[in-house]
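Below is one structure, written out as structure tokens; the observations come after it.
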Amino acid sequence: MVISSLVVETMLDYTQQVADELASRQGIEVHGIDGYKIIITIEAPTVDESHAIANAIVPVVGVIGVDLIYLNFEDDPTIYPNGV
Amino acid sequence: MSISRRNFVKTTAIAMATAAAAGSVAGMTGCAPKQNEPINGDSITKTLAVCRFCGCGCGVIVESLRGKVISVYGDPENDSNRGLNCVKGYYLSKILYGEDRLTKPLIREDNTLKGTDEGFREATWTEALDLVASKLRETWKADKSRLAYWGSGQQPITEGYITSKFWKAGLLSNNIDPNARLCMASAVVGFMNVFQTDEPAGCYADIDHADVFITWGANMAEAHPMLYSRVMTRKIKDANVKHYDVSTLGTRTGATADKVIIFGNNGDLAITNCIANYLIKNGKYNEGFVRDHMQFKQGTEDLGNAYEDGYDKSEIGQKVDDVEPITFEEYAKRLEPYTWEYASKISGASVEDIKELYELFANPDIKILSFWTMGVNQHNRGTWVNHNLHNLHLLSGHYCKPGDTGFSLTGQPSACGTAREVGTFSHRLPADLVVKNPQHRRYTEAVWNLPEGYLDPIETPGFHTTKIFRELSNGNIDFLWSANNNWAQSMTNLTRFLGRGAEDKKGIFDAFIVVSEVYPTMSTKYANVVLPAAMWIEREGQFGNGERRTAVFEKAVDPPGDAMWDMWQIFEIAKRVLQDEKIGGEDAFDLLFGEWYDKDAGEFKHESQRETCKSIWEEYRTFSNPDMNKRAAAINSDADGKFGAKLKMEAKQLAPYEEYIYQHGMTWPVREIDGVWYPTKWRFAYGDQKEGYDQIGIEKYGEKDLEKQACFYKSPDHKASVVFRPWEPPAELPDDDYPFIFCTGRFLEHWHTGSMTRRVPALLNALPEALLDMHPTDMEKLGLKDGDHVKVVSRWGEVEIAVSTAGRTQPPEGYLFAPFFDENVLVNLAQQEMYCPLSKEPDFKKTCVRIEKVQAQSEA
Ligand code: SF4
């Protein structure tokens with residue numbers, strides 16, 4: 001699996017609502033909230049699918065920023081069909 | 001991935017994100033994976049890098065295993081982004097592995113197929129290099145004015161330095177210019193005219209201190225995502241912080257602003273002059289700041305536009321840079337016509353909105369951070385708008401304090417570091433030096449160990465970008481080499497420059513064109529030779545971003561196939577072209593490049609790319625450390641009084657190479673105190689150097705007790721120049737035949753011409769094609785609906801495109817927008833080729849067009 005972690009920044013009154021919405025989405029795990037920021041990981045088979053999940057967070061009501069922190073893709077078969 | 005490895009990766013990911021959310025750089029660094037964390041006995045290598053997908057220049061750490069990149073994360077210790085990347089970071093490494101990477105040199109065998117991907121054969125490097133060098137040498141020997149190099153703000157610093165040295169000293173040619181001419185030349189000329197030194201005084205950390213943000217012609221949310229995210233964070237942290245977006249159309253940036261002010265008709269010139277007028281009239285300017293820091297000037301006006309190829313040499317074209325001193329009172333008088341009503345009438349912005357902006361500048365108790373970019377720079381009076389924005393900040397004293405400054409954003413990751421600082425422009429030499437100035441040429445000769453007077457033949461600037469392509473189309477260029485850019489898509493007026501228009505403008509088909517590239521592009525279609533290049537972290541390089549931060553990216557993996565480092569390509573071509581040439585009795589190649597490359601053995605003299613780059617850097621940084629070279633030091637201090645002025649080269653001081661690795665990048669000027677190198681974050685602002693203030697620069701060259709403890713010490717009398725710049729109209733105005741104004745620009749998903757990002761399926765799916773954004777009322781008037789195909793027709797050319805009311809921008813009536821990332825919809829076929837007469841930067845924002853509906857086949 002491709003594993004990435006992100007910080008999602010939200011408008012002040014929307015943090016919990018956004019966290020709940022993200023937690024309900026496939027591939028996303030919410031790990032905590034720090035003020036108006038939500039800590040999440042995304043797990044998906046490929047970088048493309050991970051990006052699609054992350055990109056779909058951008059238009060969620062209350063989201064003001066999506067920051068990528070860490071990305072590991074040693075398991076992405078579209079990049080390394082024979083492994084690393 | 002084993003379970004234990006998976007657990008390790010996930011735990012690391014969570015820990016880093018948790019530390020990032022807490023704003024803890026130390027926490028992020030502490031929980032980041034360690035160097036040489038082995039997997040099955042093979043160690044993981046960790047290398048520094050800089051993202052190359054927008055102008056922000058975020059730091060990145062890359063992990064590789066067995067020669068392959070396996071992970072990336074934001075570099076917590078790079079102060080530009082402090083561990084954060086935008087979602088484009090997902091593609092930083094994947095972009096290395098596109099299926100159609102160029103891996104072999106290609107030679108065109110069939111010139112009739114120029115303009116297509118066909119007609120090439122694979123070649124050996126020796127064949128390709130011999131051919132390129134023979135064509136370049138042949139042109140050089142026959143007529144130097146008929147060759148040109150087009151570089152880039154994405155070219156690493158040391159590669160740009162070597163290219164510039166080859167072109168300027170090796171070939172004695174100034175026909176070298178970068179694509180940065182298309183994005184920030186107006187900002188450069190503005191900075192040089194106002195402060196006598198290029199690049200913003202502030203830094204990205206200003207965002208954390210500002211009370212008010214004003215974006216002028218800057219769609220930061222799409223073009224500078226990380227910085228915009230930092231703006232939003234600032235707003236969240238303090239509800240009193242406000243953002244004004246001053247723009248010609250609705251954008252994602254405007255969508256989150258507190259107030260959007262829409263204007264047109266070059267109204268930015270009128271609005272800024274109007275605010276300046278009332279600041280003075282109402283006694284709301286900062287008297288102390290004006291007294292201590294400003295001189296007033298006016299310049300040549302009624303510039304007309306560069307409709308003719310010979311504009312620069314016309315009577316008016318030769319006077320565009322002229323200025324004369326005026327008094328403060330005379331300046332105030334010149335502003336008087338700019339009343340609220342006049343500015344409103346010119347710009348279309350309401351009197352109330354202009355007054356609201358004025359109130360901000362009239363308030364000394366807030367900190368105002370103005371950001372501007374392409375809307376200001378790509379403007380037929382781009383340099384003038386840059387002047388006027390600086391004028392507002394200077395008059396009101398909103399300058400030289402953290403959060404209180406004017407900041408022109410850069411368009412590419414090394415437009416500052418390479419194009420501007422190295423000086424890969426047709427009129428420049430390294431470190432703010434210009435070819436026209438004899439003292440500057442003497443200084444350059446000293447650093448390059450050339451005989452005195454050797455550079456005199458290049459005292460006249462060469463062809464700037466538009467001139468290069470105009471002369472190419474006219475059949476007056478025989479040899480063109482381009483690297484790190486895609487001119488056949490990004491240039492204006494492609495109808496002319498791709499030879500698709502008038503019969504007598506087809507020189508592109510006869511010229512010998514060399515393109516160093518990593519993927520096939522529009523430009524490779526017009527190449528005679530394609531040289532496959534190493535990209536990003538397949539070689540070592542350095543970028544200098546928009547906050548004056550120099551950062552190193554280390555080689556992490558090998559390039560695929562026969563793709564080679566550009567540095568090697570340059571040396572191999574230079575050694576062939578300069579064969580048997582002498583400079584002052586010495587072998588020309590050895591004198592210029594012998595320190596780094598053994599021409600007989602065909603190999604680098606240093607053992608690693610690190611050592612090569614470090615050695616080139618040491619020469620380059622002599623430009624800003626004159627004490628490293630006795631001859632240069634004497635010219636810098638004007639020891640014999642020959643020039644009547646000091647150069648103050650230390651004003652851009654750079655550190656030893658390793659410091660940039662050790663410190664994860666630093667903003668220049670860097671200063672050494674007790675053996676430790678410190679960056680300068682706030683230039684011209686006095687304070688503790690260790691806290692990022694310009695203590696050493698001001699103590700060496702300026703005065704520290706002036707108003708706000710600022711000092712613009714680079715100018716001879718320490719005063720910034722406030723130049724009156726009037727309103728003048730756009731190059732084209734809408735009329736019955738061409739009633740719409742057409743603008744182009746960038747969107748988040750695709751990086752410029754999309755040569756990399758359009759190869760990523762997810763990014764392509766997110767934004768598959770360029771659409772023409774149009775106001776619903778205009779759509780209705782023209783009987784159009786979303787998805788209809790139309791022709792955008794200008795005096796210059798035409799392009800077919802699907803129209804939309806649901807696109808990314810919301811243009812006002814009479815205004816159209818389409819991005820330029822899509823090779824299948826070459827919007828620049830319809831763009832005019834007018835440019836700012838001072839900066840020579842084209843205006844991509846205001847071509848007049850009409851819309852013609854294209855009948856669907858079923859209707860036909
Ligand atoms: S903001 Fe720009 S430099 Fe930073 S990660 Fe995104 S694309 Fe790269």
Side-chain angles (χ1 to χ4, degrees), chain A residues 1-15 19 29-59 62-84, chain B residues 1 5-6 9-10 12-23 28 32-33 39 42 63-74 76 81 83-94 96-97 225-226 228-230 232-233 235-237 239 256 748-749 760-763 765-766:
Chain A
M1 287 296 249
V2 170
I3 298 172
S4 53
S5 65
L6 302 96
V7 172
V8 179
E9 301 184 44
T10 67
M11 289 194 266
L12 286 178
D13 299 337
Y14 285 78
T15 313
E29 224 178 301
V30 174
H31 298 279
I33 291 176
D34 187 329
Y36 60 94
K37 298 174 186 171
I38 306 166
I39 298 135
I40 65 166
T41 50
I42 293 176
E43 287 185 74
T46 65
V47 166
D48 285 337
E49 287 163 84
S50 305
H51 173 265
I53 293 169
N55 217 26
I57 299 172
V58 177
V63 170
I64 59 163
V66 181
D67 304 318
L68 176 65
I69 308 299
Y70 178 89
L71 165 68
N72 178 290
F73 50 90
E74 64 196 68
D75 274 357
D76 186 337
T78 64
I79 301 177
Y80 302 122
N82 305 316
V84 176
Chain B
M1 198 188 283
R5 171 80 183 145
R6 184 182 173 281
V9 166
K10 193 161 175 188
T12 302
I14 297 166
M16 288 191 73
T18 306
M28 286 183 83
I39 301 181
D42 291 320
E63 287 187 299
S64 22
L65 173 70
R66 300 171 199 129
K68 290 171 178 150
V69 181
I70 57 165
S71 81
V72 292
Y73 57 91
N81 58 311
L84 309 182
N85 286 155
C86 78
V87 288
K88 276 198 274 187
Y90 274 105
Y91 290 106
L92 272 168
S93 297
K94 192 166 178 184
L96 299 172
Y97 304 109
M226 184 277 297
Y228 198 62
S229 168
R230 200 157 163 179
M232 297 301 282
T233 301
K235 282 182 69 180
I236 285 285
K237 282 186 173 161
T256 46
L748 175 70
E749 288 80 356
V760 174
L763 294 177
N765 289 340

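To find a chain, count down the sequence lines: A is the first, B the second, and so on, and within it residues start at 1. What you see below is based on every heavy atom in this structure, not just the backbone, and it leaves out hydrogens, waters and symmetry mates. Bear in mind that the values here come from a model prediction, so they are computed numbers and not experimental data.
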CD1-OG distance between A:Ile42 and A:Ser5, expressed to the nearest 0.5 angstrom: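 These two atoms lie 9.5 Å from each other.
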
Rounded distance [0.5 Å steps], CG in B:Asp42 versus CZ in B:Arg66: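 So the gap between those two atoms works out to 4.0 Å.
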
Any idea which of [options] has the most non-hydrogen atom pairs under 4.5 angstrom with chain A?
{"options": "B:Lys68, B:Glu749, B:Glu63", "result": "B:Lys68"}
{"options": "B:Thr18, B:Ile14, B:Ile70", "result": "B:Ile70"}
{"options": "B:Lys10, B:Met16, B:Lys88, B:Met232", "result": "B:Lys10"}
{"options": "B:Lys235, B:Met28, B:Lys94, B:Arg6", "result": "B:Lys94"}
{"options": "B:Ala19, B:Cys86, B:Gly67", "result": "B:Cys86"}
{"options": "B:Ala239, B:Ser229, B:Gly23", "result": "B:Ser229"}

Residue pair B:Thr12 / B:Tyr73, side-chain donor-acceptor N/O under 3.5 Å: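 No, B:Tyr73 and B:Thr12 have no side-chain donor paired with an acceptor closer than 3.5 Å.
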
Parallel, tilted or perpendicular: rings of A:His51 and B:Tyr90 (30°, 60°):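 B:Tyr90 and A:His51: perpendicular rings.
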
Close side-chain approach of A:Thr78 to B:Tyr97, heavy-atom, < 4.5 Å: no

Residue pairs fulfilling side chain to side chain donor-acceptor pair (under 3.5 Å) with at least one residue in residues 30-39 of chain A, sequence neighbours excluded: A:His31-A:Thr41

Greater than 12 external heavy atoms within 6.0 Å of A:Tyr14's OH: no

Region of A:Glu49 that comes under 4.5 Å of a non-hydrogen atom in chain B: neither

Chain B contact via A:Leu71 - which portion, at a heavy-atom distance below 4.5 Å: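 Contact with chain B is through both the backbone and side chain of A:Leu71.
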
Residue, of A:Thr10, A:Val2, A:Ile3, A:Ile33, that accumulates the most heavy atom pairs under 4.5 Å with chain B: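 With the most close heavy-atom pairs to chain B, the winner is A:Ile3.
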
Contact leader toward chain B among A:Thr46, A:Val8, A:Ile57, A:Asp48, where contacts are heavy-atom pairs under 4.5 Å: A:Asp48

Proximal component of [X], with respect to chain A [non-hydrogen, under 4.5 Å]:
{"X": "B:Ala21", "answer": "both"}
{"X": "B:Thr256", "answer": "neither"}
{"X": "B:Val69", "answer": "both"}

A:Leu6 vs A:Asp67, side chain to side chain contact (heavy atoms under 4.5 Å, CB included): CA-CA, chis, key distance, verdict: CA-CA 5 Å; A:Leu6 302 96; A:Asp67 304 318; over 6 Å; no

Nearest heavy-atom neighbours spanning A:Val66 and A:Ala54: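 For A:Val66 and A:Ala54, the tightest heavy-atom pair comes out as CG1-O, 4.4 Å.
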
